[in-house]
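The basis for the numbers below is simple: all heavy atoms, side chains too, and nothing from hydrogens, waters or symmetry mates.
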Amino acid sequence: MSAEPTPASPPGPARPGPLRHHDRGVWLAAFAGRMLVVCPRCGGRALVTPRPGLPESRHRHPLFEPRRLTCGGCGAVAEWTAPQRGHALVGAVLGGTEDPFFRRPLWLQTRCAGRILWAYDDEHVDALAAYVRARHRVRHASPTMSMFARLPAWMKSANRREEVLAGLAALRTLAGRTTPADRSDAAHERGDRPRHHGSLLFRGGPY
């Protein structure tokens, strides 16, 4: 008499495949529409956005649009407009730990891997986290202007992945905080703004 067949063991949970990130050439300027900065008056969280009521224009670009800084804590308000050169506007230059309009320290800064990790707002944090978390990165565009291709090597290193993800999680928490007491000890002036190369000229005239 033959033995009854041993019932097959139930399948285990499916193992997730490698996380994949597709770099389609998004520019840092794509995240420049909204920036969280340190308020110049109270030291809490202020917001930099395009000035409300701007006229519709086919020439609108985030590096040339007039900006407004507002603080919900102390009520501070400031305005920025792009400087003119002849009949052209000179656009802001992105990069570094200050916003390019009012030169205020970014609110989202933290110490990470012996450096300063920064972002403009929570959407920027999420985009960086998706890239850093990925085990396989696919580039679909030229690296010349791609934000991800231009990240520093330490942020792209697999050996630093968990450390950078922890830093980005800290930034995400900071994005929801507003008072001067919540300010990161890394969020201060350090003069690391990029040099203005003078080539960003918008020939549509003033807004």
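Between the R161 side chain and the L165 main chain, no donor and acceptor come within less than 3.5 Å of each other. With hydrogens and angles disregarded, no donor-acceptor distance shorter than 3.5 Å links the side chain of R160 to the backbone of A153. In this structure a side-chain-to-backbone donor-acceptor pair under 3.5 Å is missing from R150 to F148. In terms of modelled atom types and a separation under 3.5 Å, the side chain of R34 and the main chain of V48 share no donor-acceptor contact. Between the side chain of D126 and the backbone N or O of E123, no donor-acceptor pair lies under 3.5 Å.
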Output, in order, the C-alpha distance, side-chain angles, deciding distance and verdict of side chain to side chain contact (heavy atoms under 4.5 Å, CB included) for H136 and L19.
-> CA-CA 6 Å; H136 185 61; L19 294 173; over 6 Å; no
Give the C-alpha distance, both sets of side-chain angles, the deciding distance and a yes or no for side chain to side chain contact (heavy atoms under 4.5 Å, CB included) between H124 and L171.
-> CA-CA 10 Å; H124 190 191; L171 294 187; over 6 Å; no
Begin with the C-alpha distance, continue with both residues' side-chain angles, and end with the deciding distance and a verdict on side chain to side chain contact (heavy atoms under 4.5 Å, CB included) for F101 and L69.
-> CA-CA 9 Å; F101 308 105; L69 179 151; over 6 Å; no
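Here CG of L174 is found 11.5 Å from CG of D122. Values are rounded to the nearest 0.5 Å. In this structure, the separation between NE2 on H188 and CG on L106 is 12.5 Å, given to the nearest 0.5 Å. In this structure, R51 CZ and R68 CZ are separated by 7.0 Å, a value rounded to the nearest 0.5 Å. Separating the SG atom in C39 from the CZ atom in R45 is a distance of 11.5 Å, to the nearest 0.5 Å. With rounding to the nearest 0.5 Å, the separation of CE in M35 from CG in L47 is 10.5 Å. E98 CD to R103 CZ: the interatomic distance, rounded to the nearest 0.5 Å, is 6.5 Å.
Counting all heavy atoms, side chain and backbone alike, Y131 lies closest to K156 at OH-CD, 3.2 Å. The two atoms that bring R177 and W107 nearest to each other are O-NE1, 3.3 Å, heavy atoms only. When all heavy atoms of G167 and T110 are compared, the closest pair comes out as O-CG2, 3.7 Å. In terms of heavy atoms, A119 sits closest to L128 at CB-CD1, 4.4 Å. Between A113 and W154, the closest heavy-atom pair is CB-CE3, 3.9 Å. Nearest approach of L108 to A175, heavy atoms of both residues: CD2-N, 3.5 Å.
The pair R172-D121 fails the salt-bridge criterion, with no side-chain N (NZ, NE, NH1 or NH2) lying under 4.0 Å from an Asp/Glu carboxylate O. Taking 4.0 Å as the cut-off between side-chain N and carboxylate O, R104 and D99 do not count as a salt-bridged pair.
Counting heavy atoms from C-beta outward, V93 and P100 have side chains that stay 4.5 Å or more apart. Side-chain contact between L94 and L63 is present, with at least one heavy-atom pair separated by less than 4.5 Å. Put simply, the side chain of P50 does not reach to within 4.5 Å of the side chain of P66, judged on heavy atoms. Side-chain contact between R111 and L117: absent, with no pair of heavy atoms (C-beta onward) separated by less than 4.5 Å. Side chains of R67 and T49 form no contact here, defined as non-hydrogen atoms less than 4.5 Å apart.
Residues Y120 and I116 are members of separate hydrophobic clusters, defined by side-chain heavy-atom contacts under 4.5 angstrom among Ile, Leu, Val, Met, Phe, Trp and Tyr.
A side-chain N or O of Q109 and one of R190 form a donor-acceptor pair less than 3.5 Å apart.
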